[in-house]
A.B. asks: 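Mind having a look at this structure? Questions to follow.
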Number of protein chains: 2
Amino acid sequence: MKLITRNTDYALRAICFVVNQEGRVVTAGELVKKLRIPRPFLRKILQSLNREGILVSTKGSGGGFYLAKPAKEIDLLELIGIFQGHLTLNECLFKKLACPNVKTCKLKKRIDKIETMVLRELAKINVASLLSEERLNVKKKDHQDRSG
Amino acid sequence: MKLITRNTDYALRAICFVVNQEGRVVTAGELVKKLRIPRPFLRKILQSLNREGILVSTKGSGGGFYLAKPAKEIDLLELIGIFQGHLTLNECLFKKLACPNVKTCKLKKRIDKIETMVLRELAKINVASLLSEERLNVKKKDHQDRSG
DNA sequence: ACAAATGATACTATTATGGTATCATTTACA
DNA sequence: TGTAAATGATACCATAATAGTATCATTTGT
Ligand code: FES
Ligand code: FES
């Protein structure tokens, strides 16, 4: 079981790279080469990040992406929200029938407490705080695909 | 994203029911009726619980299941381990290549910390502590299937 | 012997994840 | 003004994890 899926992780790597370019516009092609993420998948991810107000995109020749807000204001919880939906650690099986126990259920109470902790911690992890040490894995070999 | 999958949850409900029977041998059929879990699925779950030393089974006519150890010694972490494998919140994408950053990666460090917290809390949640308040949802209507 | 129980195990269905592939649109600039 | 270089939108496909079924073998009380 993974808390962080591939698209979230890729998004984070891409954002980190963009941050390091200090305002320069970065194209998807560049990111593909540097991060070695399959191009169509990365493109979809970048489009999401644009829609969600994390990156700004400019179209046309010379276009690309740059940060829409300070690195400090982009946290893991938000990224997970975008790519994995709301993080629900506990979900009672009697969902539709509206579980008769929700009010008293001890398990729910205890899992909820864990969930709250986890969410709080994830919200603390922001891109700026990750960047003092490098986590990008820059590569030599190019990557190729046809779409785009 | 769910921390607790169906089989883990069903297992927990089944165990709770068995605990409440105070040593009496309980059959899969009974559990199916009371908990309204699909019979073949529940049977598979009970077999796992037996293999893993949480329930003892007795075969043949009059057979069934009873607890293999005190309710206090059965915790959620163990159940999750059985049905969902080891809980890994963070798994670096460069797995096979052995990520060059594992030692320094800040993200990994921070997720690991969250993971440790979660595991510790899950280990604290044991069946006995859940049972002071009821979470079983006993039902009227029977359930039917052919296997067995 | 037979019915009532579990054990083992192989199979199937559904959903979530991890992608691909196409075509439309915008823009710089030769 | 037209073409190449970029992103936007969207539909599609592949793989893996989860959830569940189906069969047959084995054990045991009566
Ligand atoms: S049994 Fe429904 S919330 Fe716990
Ligand atoms: S980038 Fe590999 S452990 Fe973080």
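So that the names make sense, note that chain A is the first sequence line, chain B the second, and so on, each numbered from 1.
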A.B. asks: Between atom CG in A/L42 and atom C1' in C/dT20, what is the gap in whole Å?
C.D. replies: 14 Å
A.B. asks: If you compare every side-chain N and O of B/R6 against the phosphate oxygens of D/dG20 (OP1, OP2), does one of them come in below 4.0 Å?
C.D. replies: yes
A.B. asks: Run the salt-bridge test on B/E78 and B/K69 with the 4.0 Å N-O cut-off and return the result as yes or no.
C.D. replies: yes
A.B. asks: Between D/dA17 atom P and B/N7 atom CG, what is the distance in whole Å?
C.D. replies: 14 Å
A.B. asks: Atom CG of B/L31 to atom P of C/dA5: distance rounded to whole Å?
C.D. replies: 12 Å
A.B. asks: Remember a base hit wins even if backbone is also touched, and classify B/G62 as base, sugar-phosphate or nothing at under 4.0 Å, heavy atoms.
C.D. replies: nothing
A.B. asks: Could you say whether B/Q84 or B/S61 is positioned toward the 5' end of DNA chain D, judged by the nucleotide with the nearest heavy atom to each?
C.D. replies: B/Q84
A.B. asks: Counting only side-chain nitrogens and oxygens, does B/Y10 get under 4.0 Å of the OP1 or OP2 atom of D/dA19?
C.D. replies: no
A.B. asks: Does OP1 or OP2 of C/dG7 have a side-chain N or O of B/R43 closer than 4.0 Å?
C.D. replies: no
A.B. asks: In whole angstrom, give the distance that lies between atom CZ of B/F41 and atom P of C/dT9.
C.D. replies: 19 Å
A.B. asks: What's the CG-P distance between A/D9 and C/dG19, to the nearest Å?
C.D. replies: 11 Å
A.B. asks: What's the spacing between B/L35 CG and B/F17 CZ if we round to 0.5 Å?
C.D. replies: 6.5 Å
A.B. asks: Ignoring backbone atoms, establish whether A/T5 has a side-chain N or O less than 4.0 Å from OP1 or OP2 of C/dA16.
C.D. replies: no
A.B. asks: Of A/N126, A/L79, A/V19, A/L49, which meets side chain to side chain contact (heavy atoms under 4.5 Å, CB included) against A/I74?
C.D. replies: A/L79
A.B. asks: Looking at B/L130, B/V127, B/T8, which hits side chain to side chain contact (heavy atoms under 4.5 Å, CB included) with B/L76?
C.D. replies: B/T8
A.B. asks: B/K44 side chain: which of C/dT20, C/dT6, C/dT9 is closest?
C.D. replies: C/dT9
A.B. asks: Rounded to whole angstrom units, what separation is found between the NZ atom of B/K33 and the P atom of C/dA4?
C.D. replies: 12 Å
A.B. asks: Is the phosphate of C/dA8, meaning OP1 or OP2, less than 4.0 Å from a side-chain N or O of B/R51?
C.D. replies: yes
A.B. asks: When you match A/Q47 and A/G60 each to their closest nucleotide on DNA chain D, which lands nearer the 5' end?
C.D. replies: A/G60
A.B. asks: Verify the contact: side-chain N or O of A/T58 to OP1 or OP2 of C/dT27, cut-off strictly under 4.0 Å; return yes or no.
C.D. replies: no
A.B. asks: May I ask you to decide whether A/R120 forms a salt bridge with A/E115, counting only side-chain N to carboxylate O separations under 4.0 Å?
C.D. replies: no
A.B. asks: Could you tell me how far apart B/K59 (NZ) and C/dT6 (P) are, to the nearest whole angstrom?
C.D. replies: 11 Å
A.B. asks: For the pair made of CZ in A/R39 and P in C/dT20, what is the distance, rounded to whole Å?
C.D. replies: 12 Å
A.B. asks: Would you indicate, yes or no, if C/dG7 has its OP1 or OP2 atom less than 4.0 angstrom from a side-chain nitrogen or oxygen of B/N50?
C.D. replies: yes
